Amino acid sequence: MVRAFLIKYAEIGIKGKNRYVFENALVRRVSERLERCEGEFIIEKEQGRIYVEAKSAFDQEEVITALTHVFGIAHICPVVLVEDKNFDNVCKELVNHMKEELGEKPFTFKVFAKRSDKKYERKSPEICIDAGAYIIDHMPQATVDVHDPDVKVYVEIRQRAYVYVTSIKGLGGMPVGTADRSMLLLSGGIDSPVAGYMMAKRGVRIEAVYFHAPPYTSERAKQKVVDLARIISEYTGPIQLHIVNFTDIQLYIYDQCPHDELTIIMRRYMMRIAQTIAEERHCLSLITGESVGQVASQTMQSLAATDAVCHMPVFRPVIAFDKNEIIDIAEKINTFETSIQPFEDCCTIFVAKHPVTKPNIEKMENSEKKLAEKIDDMVKKAIEEREILDVRPQ
Ligand code: ATP
Ligand code: MG
């Protein structure tokens with residue numbers, strides 16, 4: 001019976017002297033994720049791998065689902081632990097496990113053996129040959145193929161014996177928390193949750209800011225953003241969501257500035273506010289879901305005009321993705337259905353009929369001078385009075 005999981009990690013294996021930082025972060029992320037599963041587990045680090053061992057009854061599917069939501073894991077192997085490591089007993093347990101996992105279908109296999117217990121009755125090459133012979137004797141559908149086997153059979157002899165034949169692909173990437181912190185501009189759309197997920201996959205800890213414009217945007221539009229943050233928190237871990245009331249600023253810009261520049265000027269204020277909150281929260285960068293050419297505010301010139309107000313790097317992980325490619329990821333991470341719910345978000349109401357697509361930064365700065373009287377106080381107030389939600393996975 002499966003009682004443990006072997007976690008193999010890929011990229012963090014090559015981090016040299018800092019490797020332990022990555023391993024410890026991965027152990028913490030695995031442990032946090034397993035807290036939400038039924039059962040008790042112990043997690044051990046050992047020679048480039050992590051073992052999760054169940055100490056009580058548990059649900060195998062639930063654990064695998066949990067581990068396939070943790071960045072930094074390349075493969076997950078359900079393992080049978082054999083306490084009595086007498087070779088015949090190990091073979092018997094191995095074949096039982098293979099029958100359960102593989103059924104009756106014909107398959108080819110190769111045995112891989114590892115022995116850290118040097119006093120064991122057989123050496124690794126003998127374990128391979130003898131276990132292979134045992135499998136063929138007990139499973140008529142099995143044949144050996146040492147070059148391209150369907151099934152890789154692992155037998156590892158340590159304090160106890162470990163046998164496993166199944167390898168489930170993990171998400172890859174780096175454990176969250178190994179790459180500093182970033183502020184995601186999270187709207188209710190399809191792109192920004194995907195952008196946040198992609199940065200978290202590289203180990204970045206995410207916070208988020210949403211610009212809300214009641215009554216022009218509804219409570220349900222806001223709830224949608226909270227829901228999206230919750231869905232991505234299944235991968236990223238808890239997210240502090242800063243909800244900024246943008247209504248007064250938006251109306252003021254609408255009153256004072258040329259309407260074809262509204263979108264860009266509003267976006268520049270969003271970036272400024274996001275950056276101020278990011279600094280306060282010790283974030284080192286901003287993230288948006290922009291993609292070149294998607295809309296008027298995402299031409300190269302428009303992106304330059306929004307970047308011009310930021311001194312932090314602005315990461316746009318979907319910048320070169322087609323909408324379809326972004327949707328594929330949104331479906332995979334389960335945000336798509338929520339993103340397409342039809343509640344207006346901030347920008348849709350104040351969109352000009354003919355927005356500028358090649359904004360001139362100087363002209364923009366001149367238009368913004370018309371806001372001088374009140375805008376600083378309005379920005380300050382919006383930041384001070386923001387609502388902060390601690391969004392956690394369910
Ligand atoms: P999304 O890009 O999330 O699908 P969208 O395409 O409607 O939504 P745009 O208006 O194109 O969004 O804005 C581009 C980016 O600006 C978004 O990806 C998001 O990062 C940010 N953004 C837009 N509106 C808001 C908002 N109301 N609150 C926070 N961030 C926003
Ligand atoms: Mg978009």
Side-chain angles (χ1 to χ4, degrees), residues 182-199 206-214 216-229 231-232 239-247 249-250 253 262-278 283 285-299 302-303 305-307 309-310 312 314-331 333 335-352 355 357 382-383 386-387 389:
S182 191
M183 185 63 72
L184 167 67
L185 283 88
L186 181 63
S187 68
I190 296 166
D191 308 327
S192 48
V194 170
Y197 166 89
M198 287 175 73
M199 291 305 292
I206 301 291
E207 295 208 7
V209 55
Y210 168 59
F211 296 92
H212 186 39
Y216 303 99
T217 57
S218 64
E219 273 306 297
R220 292 184 68 187
K222 170 174 145 187
Q223 186 56 43
K224 179 175 156 183
V225 174
V226 177
D227 292 345
L228 287 169
I231 297 171
I232 60 168
I239 295 177
Q240 284 235 19
L241 174 61
H242 305 262
I243 300 172
V244 175
N245 187 323
F246 203 54
T247 312
I249 295 174
Q250 228 169 3
I253 297 171
L262 278 183
T263 309
I264 299 289
I265 294 178
M266 283 190 306
R267 295 196 57 73
R268 282 160 61 93
Y269 277 96
M270 282 188 191
M271 296 303 255
R272 289 179 171 110
I273 292 171
Q275 182 168 256
T276 304
I277 299 174
C283 296
S285 58
L286 303 175
I287 304 169
T288 77
E290 288 160 311
S291 148
V292 167
Q294 198 185 75
V295 288
S297 63
Q298 296 175 25
T299 61
S302 302
L303 295 172
T306 46
D307 268 3
V309 300
C310 300
M312 280 183 184
V314 182
F315 295 127
R316 301 179 168 97
V318 300
I319 193 74
F321 280 38
D322 292 350
K323 196 75 185 184
N324 282 338
E325 294 170 316
I326 301 173
I327 290 175
D328 283 347
I329 300 177
E331 283 179 331
I333 66 174
T335 51
F336 185 67
E337 288 300 319
T338 304
S339 290
I340 58 173
Q341 288 171 7
F343 309 122
E344 285 129 355
D345 70 25
C346 205
C347 290
T348 41
I349 288 130
F350 292 91
V351 205
T357 53
I383 293 172
R386 73 186 189 268
E387 182 185 357
L389 300 180

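Order of appearance sets the numbers: ligands from 1, and atoms from 1 within every ligand. No experiment lies behind these values; they were computed from the predicted model shown.
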Any N/O of [X] closer than 3.5 Å to an N/O of ligand 1?
| X | answer |
| --- | --- |
| Ile287 | no |
| Lys323 | no |
| Gly188 | no |

In a check of side-chain contact (heavy atoms from CB on, under 4.5 Å) between Ile239 and each of Ile232, Leu186, Leu184, Leu389, which one passes?
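Only one of Ile232, Leu186, Leu184, Leu389 forms a side-chain contact (heavy atoms from CB on, under 4.5 Å) with Ile239, namely Ile232.
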Looking at OG1 of Thr276 and NE2 of His242, how far apart are the two atoms once the value is rounded to the nearest 0.5 Å?
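Going from OG1 on Thr276 over to NE2 on His242, the span is 12.0 Å.
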Pull out every atom of ligand 1 sitting under 4.0 Å from any heavy atom of [X], numbered as shown with elements.
| X | answer |
| --- | --- |
| Leu186 | 28 (N), 29 (C), 30 (N) |
| Ile190 | 1 (P), 3 (O), 4 (O) |
| Gly289 | 2 (O), 17 (C), 18 (O), 20 (O) |
| Gln298 | 9 (P), 11 (O), 13 (O), 14 (C) |
| Tyr210 | 27 (N), 28 (N), 29 (C) |
| Thr288 | 20 (O) |
| Val209 | 29 (C) |

Using a 4.5 Å cut-off on heavy atoms from C-beta on, say whether the side chain of [Y] contacts that of [X].
| X | Y | result |
| --- | --- | --- |
| Pro214 | Asn245 | yes |
| Phe211 | Ile273 | yes |
| Asp191 | Lys323 | yes |
| Phe321 | Val194 | no |
| Lys222 | Glu387 | yes |

Heavy-atom distances under 4.0 Å decide this one: backbone, side chain, both or neither, for Val225 against ligand 1?
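Near ligand 1, Val225 shows nothing, with every heavy atom at 4.0 Å or more.
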Measure from atom 13 (O) of ligand 1 to every heavy atom in Glu290, His212, Arg267 and give the option owning the shortest one.
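Among Glu290, His212, Arg267, the closest heavy atom to atom 13 (O) of ligand 1 belongs to Arg267.
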Testing the basics here: between Leu228 and Gly189, what is the closest heavy-atom pair and its distance to 0.1 Å?
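Looking at all heavy atoms of both residues, the closest pair is CD1-O, 4.1 Å.
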